[in-house]
Structure formats: structure tokens, C-alpha cells
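Everything on this sheet refers to the single structure shown next.
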Amino acid sequence: MSDTTLPPPPAPARRWTTARIAGHGFMGFWILLAGVIGWAIFGDWDSGFLVQYAPRYLNGLTTTLQLVGLAMLFGALLSLPITWARLSSNRLVGALAFGWVYFFRGTPLLAQTFLVYYGAGTFRAEFEALGLWPFFRDAFFCAVFTFSLNTSAYQAEILAGSIRNVARGQREAAAALGLSRYVTMRKIVLPQAFIVSLRPYGNEIILMIKGSAIASIVTVFDLMGETRRIFSRTFDFEAYFWAAVLYLVMVELIRRLWDRIERHLTQHLVRRTDNEA
Amino acid sequence: MSFFKRIALAAAVTVIAVGGAAAQEPAKIRIGTEGAYPPFNFLDASGELKGFDVDIAKALCTAMQAECEFVVQDWDGMIPALQAGKFDAIIASMSITEERLKQVDFTSKYYNTPPAIAVPKDSTLAGVTPEELGSLQLGAQSSTTHSNYAEEKFPDAALKLYPTAEEYKLDLASGRIDAAIDDVVVLSEWLATEEGACCKILGTLTPDPAINGPGAGIAIRQGETELKAKFDAAIEAIRADGTYKTINDAYFQFDVYGG
Amino acid sequence: MGELWSLLSYGPDGWGDEILAGTFVTVSLALATLPIGLVLGFLLALAKNSPEPSLRAAANIYTTVFRGLPELLTLFLVYFGGQMLLQAILAALGLPPVEVNSFVAGMIALSLVFSSYSSEVFLSAFKGITSGQYEGAGALGLSRAQTMRLVILPQLVRLALPGLSNLWLILMKETSLVSVIGLADVLRETGVAARVTREAFFFFAVACSIYLVLSIISSVGIGRLEAWARRGDFSR
């Protein structure tokens, strides 16, 4: 190849290319925005907005964390039988699990929440007969219930996908070694599936944190609910700003934590030489 | 200066630096209302706006010799929408309160009725004092004086806030909440319907001037003194010429203007 | 049960026409958001791929923010905040207010979210195109624009299609959030019907079924699109 047909080597001096102008303009926009928001908040610090409403935000944050924590936990438990059904060779069982997953992944979480919350109201007599009314009466429990079912479908998909992902050869090798199916599953398939599914699990937690804001629409005072309450009293847009900050911090923390866990668990997959280099 | 005003100011300064233009007078007065608060404002079966607020608004426009247009807006976003210029006045049973006065201006009141509490007919609650109500599940429409009242006066109650009055009615009928707080007229109107047959008024509450203010007024953007003066004059005019009484009597057996 | 189904009839007594109109709004919103989200997402991916560090950083801030915020919050920020900001600017210019209705606000908010996710899809698709492709195009004497249009984009579309299809299905579900700020979409219409008729479970189940049908139709369409994008694989 002759030199003339290749793009010239990167210029040593940084010139004002279109990309550089665009980049500086775009970055300038963010800096300006940050400056204006900072001025708007700290210039008005004396009004004591944050001081007055911090307990409210904290309250909402706790509720959001409880909501997400419980939903993830119950969803994880529920996802196990669904995953089993999804991977089952029985056609009917497989179809039922597919239907479950398809319904919860194919409809909006908001519609599901309405279905459970307002739907439960129409079946009060039936629930009372079963002794379940105290549970479905409470908006928080309704939200936990809906979110658990919803995430169980997503988690089952993650789990089933990662188990399928473990190469067939691994299973055959285990069988050749005379390992039982249980041991194969526990010692060979699941550990590998776990690592594969780690990242999607982290994403699912983040999606659940964001999705949980929907609970505020059915009267739960989660972070979003408290924010809307504060806004409705003050009509001060600062209310939404602090909520945005809290959500972003939560999501970033999870993301970083997950990166760290993943790095820790996949240490053995990283080549030594790469590590030392 | 609030957070938002600072941001808006900064934006405006940026833009003014770029250029300016001529002002333009809005051709007609646009009136924002909720359309979900019977009997004051609601959409009838054919989707047409009806109610006391709507009739009063029409009468005021006639008195001002202005052309009016209604805009239906969710309650949550009512004040932001006014500030954003989606409409020029709110006639939607909005109580005049200190908190709202920081954001918008109000005309004088055009009616004033007290809040009340409704409960299912089989409720065992004895009365409406904080002690008698205890730690019940209490529903209210969010961003209303009634939700503020519940928050201040019944701190032990578990407050549930709903975007419209419709939703707390649904939850009260299904027994999800033990009681609901709202305007006595709104509750009575609902209780007289088939859906409201589940429930009854437990009692009327004594309004707290600090929370409930002097009554419902017409909200307009801050600083639009000319429009405010026009509305104030029109309210007086329809009060004086009997139009108000005619509208009042079409809806209620008593005078909602209040003392 | 028959009585329930008659609630879905077309006309003044039934809710069929309202729900159908709502379905139309839902689909329109998703379709209106798609092109904006795709173009913005593509530009963001270009920015993230750029050698210019400031452009990469600015694009990363964008995606971090809009992928981190709950969609509902983004919607409120745009609907309440964006609207007030716009009017303040218009007023400063002496221009009459422009109404930002819930459809437009929803379109903007969903585009912001969609573009930050689609930029990631485009980015990983870019990584799937080897440098040999650029070099080959260069060797043929194609200009940078020609390389992008004739060589890179067709491959990019094929590589990005599965990810984008997934985002489309998510987008269609997320349009339901706009019902909270007053858009008369399928969820809002069924919600009104649920309140009026006191048949909440039935009507919300109808809403869920409509979303399911929409997603099934989409899946069929996507399947065809993917087959079309892969057509080169077979004819070779």
C-alpha cells in the first residue's frame, strides 16, 4: 500500500475539526446547564428547601429501596420454578412458562400495576373470603406483588438464557466423567451461568429502581411519590431536581458495585500476562 | 426567587442576548379547568364540559365581553400549565392559599364551601376529630387544600393521594381506604349517585384559614393585573345582576358563595 | 360475561371506539418517537466513537443521565420543566406561547430515553465492523461520506437490528407512562372506562391484551425486517 491512499497520520497539533467544535459546544451546554442549576439552587439556599424536605426525600428513598429489594427477592425466588419450566422438555409446562414470561415482558408495568391495584378493588369480596384482602388493600403490597411478578419473568429469561448458554460440551464432559445431573448442575452449569447472568441481573436491578417510580401513581410514597407531593405543595421545580440526583446516584452506585463484583468473580478468566502488563 | 424562576431567568437572558421581538396580545381568554370534579367541573357523557365553574366562567366572559375558550388540564399540572401559558386563567375550584399565591395571583373568591369527610356506610368511626379518626387510611386528591388539611390536622392518619377525585371514590367504594376528605359539595353530589350509595358524610370540618384560605378564586399569572381587575369586576357584576344566583340555584339548594 | 363484552361495543354505550382511538394514539406516539430516537442515537454513537475527547465525554453524560433517570421522572422534567422553560424563552423574545401538549412532551422525553439506549446499540454495532471495511472502502477510493453510506450503514443496520427491535418493544410499553400527564392513550382510555363502569380488572386486562397484540404484530414485522436485512447472507 502506498502512503497516498492511507489517511494521513494523526496530526500532532489539535486542530479545530468539526468534531472538536461540536464536542466543545456540547460540553459547553452541560457546563452551562450545571452552572445555571447550581446558581438556581445555591443562590436560593436560604429558602431552606432541602433542609425542610430532606426527611421527606429520605422517607421516599427508604420506601423505594424496600420496594425494589422485596420485589427483587420475591422475583428471584419465583423465577426459579419458571426457569425450570422454561427449560423443561414438557411441552405444556414450557408453554405455560413462555406465556407467563411473554405476558409480563410484553405489557407495560404501569398497566400491570393498575390491573393488580384497581383490579383487586373489584374482587374485594373474593379476596376477603380468602383472607387476602388486608394484603391487596395496601398499595405498597400491591406494588411489591406486581413488581415481583414482573421481575420474575425478566429474571427467568436471564437465568434460562445463561443456562442454555453453557456449552453442551460441558454437560457431555460431566456426563462422561460419571457426574450425576444434580452435581453437574450445581458444580458445572450454575457457576458458569451465574457469571454470564451477572451483568443482566445488574441491569434488571437498575430497571427495577427506575420502574419503581410507577408505584407513586397508585398512592405509594416512594421517592417519586414524595417528590410529587413536595412539588404539589411548593410548585418549586427544585423538587424534581433532587429526585433526579438521588435516582442517578442510586443507579450509578449499583452500576459501579456491579462492575467491581464482576471483575472480582471473573478474575480467573483474565490472563495472567494481561493482568501484569 | 424559586429554583425554576432562576432557571427561566437564565434562559431568558441567554435568549435576549440573541435577539428580541415584538409583543403580541392573546386574542381570546383561555380558561383551564379539570373536568373531573363534579358538580363544579366535569365532562358529561358526550364529552362536553359542564358544571358550576364552567357556567360561572361563561357568565364572567359574557360580563367581560370577552371570547373564551376552555382547556382541559389534569389537576397536577394546572399551575405549571398556567405559568407555561397553556391558558390564561384557572377556573377549577382552586382555593386561594398562601402557597399558591407564591406562584400565581388570584382574583377574589367566587365561592367558598367547607371540607368534609366521607366514610363507608358501615363505618364505625364516630366523628371527625383527629382523636376519633385515629390512624385510619384517609384518601384525598393530591395538590389540594384538602390533602394539605389532612396532612396538617390528621398527622396520625395514613394519607393516600390520588390524581383525581374519581380514584379516591373508587378506593373508598371498594373499602381500600377508610375515609376520604374533600369539599362537602363534591362529596354530597357523589353520595347522591348510584356509585356513591356505598358511603355517607361523617361530618363537616371547620376550615382553617391558614390552609383553606378565603375560598375558591380564579388563578392568573403573576403580574397580569389588568386581567385580574377585569375578572374581579366581572365577579362583582354577576353577583350584582343576579346571574350568579341563577347559576347557583341551578346546581345547589343553598348559597355556595359563603360568608 | 356477555355483559362485559358488550362494554367493548362501538358507539355511545360501549367503550370500543374510545379504546380504539387510544390504541391509535399509543401507536402514533411510538412511531413519532422512533425516527427522532434513532437519529439522535446514531449521532450519539458517532460522538462516542469520535477521537475527540470532549465529544465523547459530553455524549457519555447524556446517556448516563437519561439511562439513569426513571422514565416517569424524565417525562415530568420535560412536561413541566421543559414547557416552562420554553415559554420563558418565548416570552423573553416577545413571542406568543406555544403549547407543548402531552403528546409532544411524551415524544421528546421518550426520544431522549430511546436515543441514549439506541446509541449503545449502534456503538456495539460499530465495534462489530472491522477496520478492514474502512480500509477496503478507502482503497476503492470512496470518500468518507460514501464509505459511511454505502459500506458501513448497511452492515450497521443488520448488526443493530436485534438490539433496536428490542428497544422498539420497550418504547411501545413506555408510551403508557404518557397517560399520567394526560395523553388519551390506550391506558388512559381504558382507565376512564374502568372508573366509569367499575370494571377495573376487565378494562385493564383489555389494555394489557392490546399491548400484547401490538407487541405480537411488532415481532412479526421485526422478523420480516431481520430476514430482509440478512438477505445478503443467503444469496451469496
Side-chain angles (χ1 to χ4, degrees), chain A residues 1 5-7 10 14 17-31 102-103 105-123 206-207 209-214 216-217 223-224 227-228 231 235 237 240-241 243-244 247-252 255, chain C residues 46-47 50-59 61-62 64-65 67-74 76-77 80-81 84-85 134-135 138-139 141 144 169 172-177 179-180 186-187 190-191 194-195 198-205 207-216 219:
Chain A
M1 262 184 283
T5 55
L6 278 179
R14 306 226 305 121
T17 55
T18 326
R20 194 154 175 231
I21 296 168
H24 280 65
F26 198 177
M27 206 62 202
F29 168 76
W30 289 123
I31 292 169
Y102 202 88
F103 175 79
R105 301 204 330 160
T107 56
L109 183 57
L110 182 60
Q112 293 164 15
T113 310
F114 282 163
L115 184 69
V116 169
Y117 184 77
Y118 289 111
T122 30
F123 294 123
I206 290 173
L207 287 180
I209 290 177
K210 295 177 9 168
S212 71
I214 280 172
S216 68
I217 301 171
L223 181 51
M224 192 70 190
T227 305
R228 292 175 75 186
F231 181 69
F235 298 104
F237 212 69
Y240 283 117
F241 172 78
Y247 275 112
L248 282 181
V249 167
M250 256 193 291
V251 167
E252 271 308 292
R255 216 169 56 91
Chain C
L46 283 182
S50 158
E52 168 62 34
S54 66
L55 197 56
R56 282 203 306 269
I61 294 176
Y62 180 101
T64 306
V65 169
R67 275 158 44 116
L69 290 180
E71 289 76 10
L72 192 61
L73 185 55
T74 307
F76 284 152
L77 288 176
F80 294 134
M84 289 155 89
L85 207 62
Y134 295 91
E135 286 161 10
R144 269 179 67 182
L169 294 175
M172 203 136 61
K173 290 188 285 167
E174 275 170 359
T175 55
S176 66
L177 295 176
S179 67
V180 177
V186 80
L187 194 56
T190 46
R195 283 201 297 270
R198 313 269 135 176
E199 289 292 349
F201 189 82
F202 174 73
F203 276 106
F204 287 124
C208 286
S209 323
I210 291 173
Y211 283 106
L212 275 183
V213 169
L214 290 180
S215 97
I216 291 170
S219 302

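Chain A is the first sequence line, chain B the second, and so forth, proteins listed ahead of strands; every chain is numbered from 1.
Heavy atoms closer than 4.5 Å to chain C are found in the side chain of Ile217(A), but not in its backbone. Heavy atoms of Leu69(C) lying under 4.5 Å from chain A belong to its backbone as well as its side chain. If you measure heavy-atom distances from Met27(A) to chain C, the contacts under 4.5 Å come from both the backbone and the side chain. Using a 4.5 Å cut-off between heavy atoms, Ser179(C) touches chain A through its side chain atoms alone. In this structure, chain C has heavy atoms under 4.5 Å from both the backbone and the side chain of Tyr102(A). Proximity to chain A (any heavy atom under 4.5 Å) is shown, for Ala47(C), by neither the backbone nor the side chain. At a 4.5 Å heavy-atom cutoff, Phe203(C) makes no contact with chain A through either its backbone or its side chain. Contact of Arg255(A) with chain C is not made at all, since no heavy-atom distance falls under 4.5 Å. Neither the backbone nor the side chain of Ile210(C) comes within contact range of chain A; no heavy atom of the residue lies under 4.5 Å from a heavy atom of that chain. When heavy atoms are compared at a cutoff of 4.5 Å, Thr64(C) approaches chain A by way of both its backbone and its side chain. Within the 4.5 angstrom heavy-atom criterion, atoms from both the backbone and the side chain of Ser176(C) approach chain A. The contact between Leu207(A) and chain C is made entirely by side chain atoms (from C-beta outward), counting heavy-atom distances below 4.5 Å. Proximity to chain C (any heavy atom under 4.5 Å) is shown, for Tyr117(A), by neither the backbone nor the side chain.
Chosen from Gly191(C), Ala194(C), Ala59(C), the residue pairing most often with chain A at heavy-atom distances under 4.5 Å is Ala59(C). Residue with the most contacts toward chain A among Leu77(C), Val65(C), Leu212(C): Leu212(C) (heavy-atom pairs, distance under 4.5 Å). Contact count versus chain C (heavy atoms, under 4.5 Å) is highest, among Ala213(A), Gly121(A), Ser216(A), Ser212(A), for Ala213(A). Heavy-atom pairs under 4.5 Å with chain C were tallied for Phe231(A), Phe103(A), Phe114(A), Tyr118(A); the largest tally goes to Phe114(A). For the options Leu110(A), Val251(A), Val116(A), heavy-atom pairs under 4.5 Å to chain C are most numerous at Leu110(A).
No more than 12 heavy atoms of other residues, nucleotides or ligands sit less than 6.0 Å from atom CZ of Phe201(C).
Within the model, atoms CG of Leu72(C) and CG of Leu177(C) stand 5.5 Å from one another, a figure rounded to the nearest 0.5 Å. To the nearest 0.5 Å, the span separating CD1 on Ile214(A) from CD on Glu71(C) amounts to 8.0 Å.
Residues Ser209(C) and Ala205(C) share a closest heavy-atom pair of OG-O, 2.6 Å. Looking at every heavy atom in both residues, Ala243(A) comes nearest to Thr227(A) through CB-OG1, 3.3 Å. Taking every heavy atom of both residues into account, Leu187(C) and Ala207(C) meet most closely at CD1-CB, 4.0 Å. Residues Arg105(A) and Lys173(C) come closest through the heavy atom pair O-NZ, 2.7 Å. Of all the heavy atoms in Cys208(C) and Ala111(A), the pair that sits closest is SG-CB, 3.9 Å. Counting all heavy atoms, side chain and backbone alike, Tyr247(A) lies closest to Met224(A) at OH-N, 3.4 Å.
Phe26(A) and Phe29(A) have their aromatic ring centers separated by at least 6.0 angstrom.
Checking Ser50(C) against Glu52(C) by side-chain atom types alone, no donor-acceptor pair falls below 3.5 Å.
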